[in-house]
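Single-structure report; data block below.
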Amino acid sequence: MQVDHVTGRVEGGPLVDTYVYEAPVRLWHWVTMLCVMALGVTGYLIGAPLPSIGGEAVDSFFFGWIRMIHETSGWVLAIAFLVRIYWAFVGNRSSRALFIVPFWSGKWWAGLFGDIRYYLFLKKHGDLWVGHNPLAQFAMFSMFMLGAVVLILTGFGLFAQQYPWGTTWMNLFGWVTVLLGEPQAVRTVHHVAMYYMLLFALIHTYMVFREDITRGSTVISTMINGIRMFKREPGA
Amino acid sequence: MSDTYYDLMRRQGISRRSFLKFCSLTAASLGLGAGGAEAIAQAMQTKTRTPVIWLHGLECTCCTESFIRSAHPLAKDVVLSMLSLDYDDTLMAAAGHQAEQALEDTIKKYKGNYILAVEGNPPLADDGVYCIPGGKPFVEKLRRVAKDAKAIVSWGSCASWGCVQAAKPNPTQATPVHKVITDKPIIKVPGCPPIAEVMTGVVTYILTFDRLPDLDAQGRPKMFYSQRVHDKCYRRPHFDAGQFVEKFDDAGARMGYCLYKVGCKGPVTYNACSTVRWNEGLSFPIQSGHGCIGCSEDGFWDKGSFYDHLTTIKVPGIAGAEGTADKIGLTVLAAAGAAVAAHAAVTAIKQARSTGRNDKVSEVEK
């Protein structure tokens with residue numbers, strides 16, 4: 001099987017099942033998915049709290065638990081993200097696809113426009129790819145990766161605001177508040193970025209199911225066992 | 001005008017003998033060796049009160065109103081005994097040319113040694129014509145007085161951030177002091193107005209220790225602005241429990257629940273209201289049943305309603321479209337969901353029209 005080494009496009013030859021997503025990448029993916037779900041639900045509830053609960057305040061820590069789950073999930077997401085960055089240095093080509101988009105490659109651009117035409121139903125067949133297709137990779141980079149960086153930094157900016165200026169956390173992340181001007185702005189950016197991430201999650205979920213059902217290679221199982229299996233030839 | 005601390009103590013009825021005793025005792029308690037008492041007595045007999053020039057730009061004088069209500073220390077003690085308020089066009093007895101003469105004298109006499117306190121800010125549009133005290137644009141006066149000042153205190157949100165006159169669209173181009181004067185140490189004491197005790201506390205610190213207090217990354221004294229109103233709020237347990245006022249006339253409001261859902265900005269406001277409080281520690285907005293409006297934070301006028309804790313955002317590219325992050329985000333998600341459903345439907349139709357997908361699979365389960 002001939003594969004373009006920059007874009008991962010299958011260019012010919014007999015199709016061979018290929019190991020694409022290494023174990024740390026798969027583990028990171030599912031950990032991140034669970035964190036994003038927990039963060040999305042608790043984050044929304046922090047912005048729009050549920051109706052008040054009765055009884056004495058001393059008997060309840062309901063809103064506190066929501067924030068605790070949110071902050072803990074955020075920590076897990078951030079640490080997993082750091083490990084993921086490390087893996088991009090030591091892993092295979094697909095492990096770097098999230099961080100490095102080959103803008104310099106003409107083949108990549110051709111693939112991107114081909115994908116766009118295919119998804120607009122202007123082109124009958126899409127190409128086969130080992131790893132992400134260019135449009136998917138661009139979404140991973142611009143929506144997931146950049147969105148996650150903004151969410152993690154503003155998240156820690158908000159986390160640090162619980163501590164006074166001059167403490168360790170404010171020394172580490174107080175710059176986020178200074179950069180955005182004041183604490184409410186950090187909150188607004190974090191909040192808008194959440195919807196950006198949820199928009200990605202919605203499209204991503206639709207796309208992986210669609211790809212897996214209609215296209216020539218496995219997608220969902222690839223993120224479970226790491227192997228991309230080809231069901232039919234390109235153009236078929 | 002140039003009284004020493006010794007002169008002041010004498011005027012308050014303290015004898016020379018008591019003064020020297022005080023110096024000896026202070027030297028002993030500080031563990032200073034022989035000659036320590038003499039050094040202290042010498043300093044107190046020669047060091048003059050710090051001269052302060054207080055300018056008023058584009059402002060509402062609420063900072064001064066707050067300042068004169070300080071209880072600990074009393075504003076009169078600060079003004080009459082601790083500092084030498086040589087020029088303050090609102091509080092001084094002199095007026096007109098006499099007042100302006102006092103300003104000139106102070107600048108000349110204490111060149112490089114006086115503290116400049118600024119209440120309000122200069123509007124820069126049209127050469128500063130929107131604020132003309134004493135016949136000249138305020139920005140000119142500010143620049144001239146700031147040139148020879150030792151340090152600048154920015155009183156209130158006007159001087160610190162810009163406040164209401166700098167709210168969008170800011171027609172007079174009102175500009176906070178630190179963006180006009182860039183070569184002097186500036187202490188921001190934001191708030192609309194700042195708490196009286198915070199104002200006198202900052203002044204007392206500077207006079208007592210002859211240096212500026214520790215400032216945070218945004219130039220505010222750490223001792224008063226290092227924590228959010230939320231962090232020391234007495235209603236915080238209701239926040240953690242999930243007990244919120246939903247409307248101002250509901251049972252939660254009567255029970256003193258957390259005001260977060262009716263727009264309290266306490267979680268995003270650095271100030272000392274929940275600890276120092278107002279009017280001799282009597283109360284503060286949240287204690288009175290109204291959420292914090294975040295008056296000591298930059299741009300608090302431009303964040304939308306005081307009764308919504310989420311900022312109102314303008315949608316770029318669509319005139320008149322605005323809403324909170326939730327409103328806009330959920331709308332976008334709903335639109336994306338509809339697009340996904342439509343795309344899925346077209347995909348399904350295309351798929352059904354093609355020859356049947358299972359033909360292409362090499363083996364089909366029987």
Side-chain angles (χ1 to χ4, degrees), chain A residues 44 47-67 119 121 124 158 161-167 170-171 174-175 177-178 181-192 194-196 198-199 202-203 205-207 209-210 213-214 216 231-233 236, chain B residues 161 214-218 220 222 225-228 230-231 235 237-246 250-252 257-258 260-261 265 267-270 294 297-300 303 309-311 313 324-326 328-330 332-333 336-337 339-341 343-344 346-347 350-351 357 360-362:
Chain A
Y44 178 80
L50 294 168
S52 294
I53 54 168
E56 289 294 326
V58 68
D59 297 324
S60 170
F61 193 62
F62 180 66
F63 203 62
W65 280 115
I66 290 176
R67 290 180 58 245
Y119 288 116
F121 305 106
K124 194 151 188 216
L158 290 168
Q161 284 171 13
Q162 300 174 87
Y163 302 93
W165 285 94
T167 56
M170 252 347 222
N171 289 341
W175 64 269
T177 305
V178 176
E182 41 79 42
Q184 174 78 354
V186 184
R187 218 163 157 251
T188 303
V189 171
H190 194 67
H191 209 126
V192 170
M194 172 186 82
Y195 282 106
Y196 191 60
L198 292 181
L199 185 65
L202 174 76
I203 297 169
T205 309
Y206 167 63
M207 279 299 184
F209 277 95
R210 184 188 189 278
I213 294 166
T214 66
K231 294 183 273 188
R232 50 189 180 270
E233 298 294 324
Chain B
W161 310 121
D214 272 358
L215 305 179
D216 67 20
Q218 291 182 303
R220 300 167 294 195
K222 273 185 191 164
Y225 293 92
S226 74
Q227 278 193 303
R228 301 171 302 176
H230 185 59
D231 295 317
R235 296 194 186 201
H238 291 298
F239 175 85
D240 288 332
Q243 297 176 323
F244 302 101
V245 174
E246 310 278 344
D250 69 3
Y257 284 178
C258 174
Y260 179 65
K261 282 177 93 170
K265 303 294 195 304
V268 287
T269 304
Y270 285 92
E297 288 295 337
D298 192 3
F300 77 101
K303 306 289 178 192
H309 68 91
L310 298 177
T311 295
I313 309 164
T324 61
D326 276 347
I328 296 169
L330 290 173
V332 170
L333 277 186
V340 160
H343 199 269
V346 174
T347 304
K350 290 250 173 192
Q351 197 74 7
R357 61 186 292 264
K360 301 278 165 50
V361 180
S362 47

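Residue numbers start from 1 in every chain, and the chains themselves are labelled A, B, ... in the order their sequence lines are given, proteins ahead of strands. The figures that follow rest on heavy atoms only: side chains count, while hydrogens, waters and symmetry mates do not.
Looking at heavy atoms from C-beta onward, A/R67 lies in side-chain contact with B/D240 at the 4.5 angstrom threshold.
One distance of note links CD of B/Q351 with CD1 of A/I213; it measures 9.0 Å at 0.5 Å rounding. We find the NE2-OG1 distance between A/H191 and B/T324 to be 7.0 Å, quoted to the nearest 0.5 Å.
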Show your working on side chain to side chain contact (heavy atoms under 4.5 Å, CB included) between B/R228 and A/Q162 and close with a plain yes or no.
CA-CA 8 Å; B/R228 301 171 302 176; A/Q162 300 174 87; 3.8 Å; yes
Given B/K265 and A/E182, is the salt bridge (charged side-chain N to carboxylate O under 4.0 Å, His left out) satisfied, shown in steps?
CA-CA 12 Å; B/K265 303 294 195 304; A/E182 41 79 42; over 6 Å; no
Going through the checks in order, is the side chain to side chain contact (heavy atoms under 4.5 Å, CB included) test met by A/V178 and B/Q218?
CA-CA 7 Å; A/V178 176; B/Q218 291 182 303; 4.0 Å; yes
Worked check of side chain to side chain contact (heavy atoms under 4.5 Å, CB included) between A/R187 and B/L310
CA-CA 8 Å; A/R187 218 163 157 251; B/L310 298 177; 4.3 Å; yes
A/F63/B/H238 under ring pair (Phe, Tyr, Trp, His ring centres under 6.0 Å): CA gap, chis, key distance, verdict:
CA-CA 9 Å; A/F63 203 62; B/H238 291 298; over 10 Å; no
Checking B/V332 against A/Y195 for the side chain to side chain contact (heavy atoms under 4.5 Å, CB included) test, could you report, in this order, the C-alpha distance in whole Å, the side-chain angles of both residues, the deciding distance, and whether it holds?
CA-CA 8 Å; B/V332 170; A/Y195 282 106; over 6 Å; no
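Of the listed residues (B/T269, B/V245, B/V346), the greatest number of heavy-atom pairs within a distance under 4.5 Å of chain A belongs to B/V346. Contact count versus chain A (heavy atoms, under 4.5 Å) is highest, among B/D298, B/I313, B/D326, for B/D326. Options A/W65, A/F62, A/W165, A/Y119 differ in how many heavy-atom pairs under 4.5 Å they form with chain B, and the most are formed by A/W165. In terms of heavy-atom pairs under 4.5 Å with chain B, the best-connected choice from A/T188, A/I53, A/V192 is A/I53.
Residue B/H230: no heavy atom, backbone or side chain, is found under 4.5 Å from chain A. Contact annotation for A/L50: only backbone heavy atoms (N, CA, C, O) come within less than 4.5 Å of a heavy atom of chain B. Looking at B/I328, neither its backbone nor its side chain comes within 4.5 Å of chain A, counting heavy atoms on both sides. In this structure, chain A has a heavy atom under 4.5 Å from the side chain of B/Y270, while its backbone stays farther away.
No side-chain N or O of A/Y163 forms a donor-acceptor pair with one of B/D231 less than 3.5 Å apart.
Side chain of B/Q243 to backbone of A/G55: a donor-acceptor contact under 3.5 angstrom is found. At least one donor-acceptor pair closer than 3.5 Å links the side chain of B/E246 to the backbone N or O of A/S52. With hydrogens and angles disregarded, no donor-acceptor distance shorter than 3.5 Å links the side chain of B/H309 to the backbone of A/A48.
With sequence neighbours excluded, the residues satisfying side-chain contact (heavy atoms from CB on, under 4.5 Å) with B/A251 are B/R254. In this view, A/T177 and A/Q161 satisfy the side chain to side chain donor-acceptor pair (under 3.5 Å) rule, not counting sequence neighbours.
Counting heavy-atom neighbours within 6.0 Å of A/F121 CZ, excluding the residue itself, gives a total above 12.
Closest approach of A/A57 and B/P237 over heavy atoms only: CB-O, 3.9 Å.
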